[in-house]
Structure formats: structure tokens, C-alpha cells
Protein chains: 2
Amino acid sequence: VTPGLVRDLAAIVGPKAVLDGEAARPYQRDSTEMQGLAGRADAVVLPSNVEQVRRLVAWCYEHGVAIVPRGGGTGFAGGAVPVEGGVVLSLERLDRVLRFDPELWRMQVEAGVRTGRVHRLARENGLLFPPDPGAAEQSTIGGNVACNAGGPHSFKYGVTAHWVTGLEAVIAGGELIRLGGPLRKDVAGLDLRSLLIGSEGTLGVIVRVWLRLTPAPEALIPVVAAYSSPEAGVMGLSRVYGYGLLPAALEYFDAGAVAATRAAFPGGLPEATAFLVVAEADGTRQGAEALAAEVAEALAEGALEVRRLGSPGEIRDLWRWRNGVSFAVSAQLGGKMSEDVAVPLDRLGEAIAMVVEVGQEHGLRTCSWGHAGDANLHATFMIDASSPEQVARASAAASSLFARTLVLGGTVSGEHGLGWVKREQFDRQFGPVEATLQRSIKALFDPRGLFNPGKKLPPIG
Amino acid sequence: VTPGLVRDLAAIVGPKAVLDGEAARPYQRDSTEMQGLAGRADAVVLPSNVEQVRRLVAWCYEHGVAIVPRGGGTGFAGGAVPVEGGVVLSLERLDRVLRFDPELWRMQVEAGVRTGRVHRLARENGLLFPPDPGAAEQSTIGGNVACNAGGPHSFKYGVTAHWVTGLEAVIAGGELIRLGGPLRKDVAGLDLRSLLIGSEGTLGVIVRVWLRLTPAPEALIPVVAAYSSPEAGVMGLSRVYGYGLLPAALEYFDAGAVAATRAAFPGGLPEATAFLVVAEADGTRQGAEALAAEVAEALAEGALEVRRLGSPGEIRDLWRWRNGVSFAVSAQLGGKMSEDVAVPLDRLGEAIAMVVEVGQEHGLRTCSWGHAGDANLHATFMIDASSPEQVARASAAASSLFARTLVLGGTVSGEHGLGWVKREQFDRQFGPVEATLQRSIKALFDPRGLFNPGKKLPPIG
């Protein structure tokens, strides 16, 4: 550890905002704890304003100390885990809503504002902030932007990047850059904003963002369809596309995911359910009703059951169930390794089958679920995370899964990012020219390689 | 001119695909001709496939010859004009639709495919490619992507970038890079795709793109509202926002724009019309009807007239009129300088007034119209383009307009890009750190500075 590190950081943020020991422990993990990953930081700091972030970054940059930016710690790729030490820079105290103009459909917030708070503020004012990557009460907008998070409603509404019109970030040396603002259109420069979005803390620390909002739909009507086989379900999904129907969300759950969560499903499911589709029609009351009816019709052929959930209670229960799937699956064996691969839409059925095959090859229980409309799977290997042997087996399975995903023309990450756990996939997914361009841009922003080192686009060798 | 240039280029593309003299003339201009801009290329080449583009770029890069990529030549910023010589690389012969999967809502096309063709192909299959930057029969998808083009329907549907899931580009040395593909979600790398989109040919030549499509709305219902003052019209617009209504398009036309085009407006306009709002509700028949009624209600207060256009004939005439506004305005004095500034939504009224004020200060007739919902104006100074004095006066007025736009927190370009005519605004809009980052990225992609030199982000000094 750099001499004087804790003392110098404390001089910037105050001694209470530098954590160590037990207090620091929760800041050295994220959701990859379920596969046994943990880090060890030289220090955890909790700045409370942008000026402190600038000074912290300047200090770290001057002293050659790595900076690991951290939002809510809900990531699935180890992006916020200080695997190789360094200073964890948690943005949780930058939690101010700086401006909210409901009549202009926009909001400016600090990076540490919880996603759920943005959702509620918008909704209370008749508006919608569509990205809903899950864990909304823990995850932060800064983390969502840094990962370009998705979620079920990205199918209709697009991912986080589509809703960010401006951001400010602290880069090398503690410089604050401002990219965009409360503008709905801007093509004056090269799109550095999109470059920062999804960069997973490897280029700088996002500290403030301008969000675009949209009028909230009047009604949400889920439609659920249960099938006895994945083939029948995938056929149903393809009819939704083929009929030209655009629900807000279009999710699927395979037999393993259904088995792990069946008990909590509102209203129950037919005994033979081996594949489940959940769509949500939104719009005006009339529009959502009409769309839900069409979606139900598209999903009907070959289904064991198709039904619409009508009451607010059922709808709330459905999404509570949906948000609990990941935890319920983890609870089966005590841990999981879950990979968010995405494929071209016409390869969805193959990709779902592939997860099962890879699991069988490696002797692991599997399941998958996810954003069927975007062909973005959560391909999951269920393990006991305390068993190094099982973790190793799941890692081998994941590696095989990634290779086969690329053969299908897919990506190793549709919404979680590469972080630490998928860093080795970077050079598998990208050709040498594309990889070199990305590493060169990283070096431009971060010449000393101190922002989240080793993550996403690791140094060669 | 580099010795052997024409011979060597002809060896790559064939002698008929290297133009000079009269044949080359149309390729040395774009819409800035209306303000007197023209260039002079060393040669104009028309490759017919990606391999030829690679070889042309490799040759130019090796010989230090500038490359000016060109789509349909409909730009308003001189981005495709060979102002400082070099080789104009027209992509018009790369006009193949490589793949169209209507049931998967996606299409892969070469850069030279006309935007109108994409629109038609989509529509004939029940789908929509929403970006509609105008001049659809001339402009190309490659040009739209290179400029991140907008258009009226960006209000609801977003700009071109939102509809591009993948692209291929030829960069320095003739390397072909592939960024994304037919994937709806992908966060594996840094977002180089967004960096290329809107880069105006300064980083490389876009040769192929994957487009995302969406189901076409069943019905389109325009609502037009005429007002006797801009203040009354802007109040109407703000009520559309305030009521939480999301039409597909929300356009405005000031008194000057109305005066230039009044005769062609379907059904005529009240005599006292000094400000016009055109909204378009879309959706299912019922949904569009309901929305149109709500939009009409929001626009009603203080209006001279509000009406819905019902028949297909009226709707077609309306958009034909809309597409003719730019030409009609040009026809007033024989030319115009039109700037696509954008501001935060709450500054729209001020920005519209500012255009008039700046015109008065410089003794120029002005008008403005544009994408009110995105606060993206086409601020226009009407001139006789053959008068150098008037061109100079309009340039001074534009410079003042840009400065005042930045004071309002706006951008000098909402959808046209900076190209050549706004290159000097680059360092006015961006701070030194942001500008240096952009120039460094340019240098990474284009170390010899041969891709569209001087455009968008010109070398310092």
C-alpha cells in the first residue's frame, strides 16, 4: 500500500469517509460473490461531492494508485470488485437529484442516486424512466450508465444509453469533462458520451447525468403463456415478431428457471410447464388491452395456457416474482454463475438449447431466462459457490458457452459488461484491429492505466 | 495532384468509375451550394464494392491523398464537399440490400442505399425505419449514419444512431472494421459504433450497416394548429409536453417559413397565421385517434385554428409540403444559410425569437422552422447566394447565432453536423479537454489526417 494513502485520502474526504476492516468489506464484493469472487482494497472512500471525486482521482493518479469506481455493487461481472487492490471509490453519497423538470421530461442526478428513486420520482409525476436492470433499490444510476444497463423493458424502450443526454465524468488527473447536457439532439462532436456509457469505469468516473424521460403509459397488462417445451415457446415468440407486435417487455424462462420459482408465480402454473413467456403490453388502457389480446393470440398456438393478468395486485406480484428469479435460482445450490450472452434473434432457440447442452457436458445443473425479444439470455450454471471445484467447472462451462455464442454471431455480454469475470473474452470477441482501437482509446483517457485496471479490456498478455 | 493518381485509381475501379470535368462537377457540391460553397476534387471515384473501397483508401493513405467520403450529397454543412481537393469517394454504387429479414425486424444494407428505399422496403413489409432526415430519394443510409441524421420523427423514435445495431467501416490503410451486427444488445466493448456514427467521414468510410426496424403504426393522424404569434404557439407546444403527450412528430414553422410556403399548405391557413404547429399522432387506429384528439386539445388555447387531417390525400400533401419547406425558403431570394441549432426545451421560445433578432441586427430576412419537440431549429438567413456580400453578412449572422445558442446551453448542430461550414464552431462549443480528447481519437483512427480533412474537428490553428 502506498505510504500515507489513508491519511491523504482522509484529508480529502474526512476520516469517517475512509473505510477499512469490517466496514470496508461490503465494498469489496458485488453479485459475483455468488461465484466466489471477492477483492481487497487498499482503502474504500466515500466522497460526498464532485470536487472530492476530482481531488481523489488527482491524488490517485499522481501516486499511481488504481481507482475502482463503485455504484450500488449489484454488478454481475465483478466490475466494481477491487481484485488487484487500489482505492474503491464509492459514489453512494453523491445522491442528490440536482434538477427535475417533469414538464420538460428530464432530470439531472448525481451518480449515486438509486435507480429505484429515479423510477419513483418519474412515476409520481406521470413519467417513465424505462431502463429497469433489476435490483433497483440497490443499483445506482451511475452504475447503470457505466454499464449501459438493460432490463426487460429495453425491448420496446432501448437500453440506458438511449435515455442519457448528457454526463459529467472525472478523468485522468482529476479533470472534469462534460459531454452533452439537457439537449435532446446534438451532433456537434464525436460521440464521447456513448464512449463513456458502458465503459465500466475504465475511462473515468461518471459523476452526474442528464436523463431523458417519457410519458408513463396509462396501463400495463402482462400476458403469460406456459408451454410444455422450449420449441413451442420459441415458436410463440417468433409469432409475436412475425405479427409485428411490440409489447414493452418480452421475457422467457426455461424449465430450470420455472422449477426454481414456480411456487411464487402469481396464480400458479400448469404442472407440465417447461417454458414460460411473459409479455407486457403497455399504452393507453384501450391500446394496452388491444395489444395484450393480440399478443395472447400470437402466443396461444401450442401453449398449455395463456392468460392476462388484470388486477394491480397480480401485476405487482408478477414483477416481484420476476425480480426474484435470480435469487431463487441462486438459492437452489447456494450459488450460480450467470452469463448474459446475446445472439441474433433467429438463433434464440439454438442459444437456449445450447445452455442446457453445455451444462450437461460439464455435469452442471443449468437454467436460463431473460429478454427473449432482444435474444439476451441469462445462461446460468448452478453451483455451490463454496466449492472451488464447482466454481472451476462452471468457469469451464462458461468459457465453452462464450465460444459457442460467438459462433452463433452473438456477444458475450448483452447487458452486464465484461468487468473482471469476462475480461478474457475481450480478445475472443473482437478482432485485433477493433481490440487495438479500443485499447488505444483506453490509453488516451487513462495513460497510466489506473481506472479499473484489468477490467473489460485488459492489457495484453 | 499526385502523379499517376487518375491512372492508379482507374486501375482499382475501372476507368469509367473515375470522373473528371463536367461529370465530376455534381460530386463537388452539396446543399451548401445555396450559400455559395463548392469544391474541387483531384478525382471523383465510384467504387462498386467494399474491396474497391479498401483498395482506394489504402492507395490514398499510402500516397498522402485526402479522402472525402460522399453519400447522396444532400448535406447542409459541406461535409462531402472537397474544399481542399483530394479524392471524392462516392458510395452510390454500393447500393445493395444485403439482407432483409422482415420477420426479425432487421435489414443489412450497403452504405449507398437510398434512405427512401429503406423506408419503402420496410413499409411494404409492415415495418418502419423511423429516421426521416428529408431528401429521402437522394440521401443515403451511409450518409445518414455518418451524420447521425434526425428528422421530424426523431421526437418519438430517436435519431439514426438508435436504429443502427452494427456497421462496417474502412479505416486508415484500408482496414475493414466491424462494429456490432444483427444484435439488439451488446455491451462487450467500448462503443466504437457510436463513435463512427456522426463522425462525418473523419474517422473512416462507413460501407455497410445493420438496421433495426420496428412495426409500422397502423394509423398516422396529423394535427395542425395555426397561431397569430410565436408566443401563443410555444405555449401550445409546452402544453403538449405538460399533458404528457407523445406524438411521433412535433414541428413548428415561424411566420417567415409560413409566408414562403403558405400557398402549398393543404387546405390553406388562416390569413393571420404567424406560427404553425404540425404534430403527427401515430399508433393503432383507435390509439392515434385518441392521441390526436388530446394533442388537438393541448394545442387549442390561443390558436386561430386547430384541425386534424384525415384523408390519406391530405396527409400525403402535408408531408410533401413539409419536405418542400427548405426549397421554398431558398426560392425566396435564391439561396439561404440554414443552421440546425438545438437548445434545451425550455429555451425554445427564446431561440425562435433570437433568430429574428439576429437577422434584424444583420439586415437579413430570416425564418425558422424545425423539430419543436426536440427544440431543434432550422434557423435560416435568406440570401442571394451569388452575392459575396450577402454570403458574408449571413456568415456573420450565423456566427452570432451560434454564440447566442451556446449561451442558451445549446449546440451548434442538432442534426446536420459541423462539416466544413461550421468547423470553426468546434472549439467554441467544446472545452479544451473535451476538444483534445476528440482530436486525439481522430488521430488514433487517422494518424495522417487524410479522412475528410478540415471537417468537423479541424486541426488546431
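In the text below, chain A, chain B and the rest are named by the order of the sequence lines, each starting its count at 1.
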Side chains of B/Asn376 and A/Arg184: does their closest heavy-atom pair fall under 4.5 Å? no

Look at A/His162, A/Glu175, A/Glu103 and state which one has the largest set of heavy-atom pairs under 4.5 Å with chain B. A/His162

Heavy-atom closest pair (A/Ile177 atom, B/Glu434 atom, distance to 0.1 Å) is CA-OE2, 3.3 Å

List the atom of B/Phe445, the atom of A/Ile441, and the distance in Å for their closest heavy-atom pair. CE1-CD1, 4.4 Å

Go through B/Arg106, B/Gln429, B/His371, B/Lys422 and name the one with the most non-hydrogen pairs under 4.5 angstrom from chain A. B/Arg106

What part of A/Thr165 is in contact with chain B, defined as an atom under 4.5 angstrom from a non-hydrogen atom: side chain, backbone, both or neither? neither

Contact winner vs chain A - B/Gly431, B/Gly180, B/Pro215, heavy-atom pairs under 4.5 Å: B/Pro215

If you count heavy-atom pairs under 4.5 Å with chain B, which of A/Ile171, A/Val412, A/Leu192 comes out on top? A/Leu192

Please identify, among A/Ala435, A/Gly414, A/Gly244, the residue contributing the most non-hydrogen atom pairs under 4.5 Å to chain B. A/Gly414

B/Ser199 versus chain A, heavy atoms under 4.5 Å apart: side chain, backbone, both or neither? both

Contact origin within B/Leu196 toward chain A - heavy atom pairs under 4.5 Å: neither

Turns out that what part of B/Gln438 lies under 4.5 Å from chain A's heavy atoms comes down to both

Check whether B/Ala375 gets within reach of chain A through its side chain, its backbone, both or neither, counting any heavy atom under 4.5 Å. neither

Flag if over 12 foreign heavy atoms under 6.0 Å of CZ, B/Arg178: no

For B/Glu415, is it the side chain, the backbone, both, or neither that has a heavy atom closer than 4.5 Å to a heavy atom of chain A? both

Which one of A/Ser194, A/Ala188, A/Ser413 has the most heavy-atom pairs closer than 4.5 Å to chain B? A/Ala188

Return the option, out of B/Gly198, B/Gly417, B/Gly242, B/Gly189, with the maximum number of heavy-atom pairs under 4.5 Å with chain A. B/Gly189

Note, B/Lys456 side chain near A/Leu190 side chain (heavy atom, < 4.5 Å): yes

Do you know which two heavy atoms are closest between B/Leu444 and A/Ser440, and how far apart they sit? CD2-CB, 3.2 Å

Residue selection (most heavy-atom pairs with chain A, distance under 4.5 Å) from B/Thr202, B/Asp340, B/Leu183, B/Ile197: B/Leu183

Contact origin within B/Tyr243 toward chain A - heavy atom pairs under 4.5 Å: neither

Which of B/Asp186, B/Val343, B/Leu245, B/Leu345 touches chain A most, by non-hydrogen pairs under 4.5 Å: B/Asp186

Regarding A/Arg212 and B/Asp374, does a basic nitrogen lie under 4.0 Å from an acidic carboxylate oxygen? no

Counting heavy-atom pairs under 4.5 Å with chain A, which one of B/Asp346, B/Asn148, B/Val433, B/Leu195 comes out on top? B/Asp346

What part of A/Phe430 is in contact with chain B, defined as an atom under 4.5 angstrom from a non-hydrogen atom: side chain, backbone, both or neither? side chain

Heavy-atom distance under 4.5 Å to chain A: side chain of B/Glu200, backbone, both or neither? side chain

In terms of heavy-atom contacts, A/Gly150 and B/Lys185 come closest through CA-NZ, 4.1 Å

Among A/Leu437, A/Thr284, A/Leu457, A/Leu246, which residue has the highest count of heavy-atom pairs closer than 4.5 Å to chain B? A/Leu437

Chain B heavy atoms under 4.5 Å from A/Leu176: which part of the residue, side chain, backbone, both or neither? backbone

Name the orientation class of the two ring planes belonging to A/Tyr241 and B/Trp105 (parallel below 30°, tilted from 30 to 60°, perpendicular beyond 60°). tilted

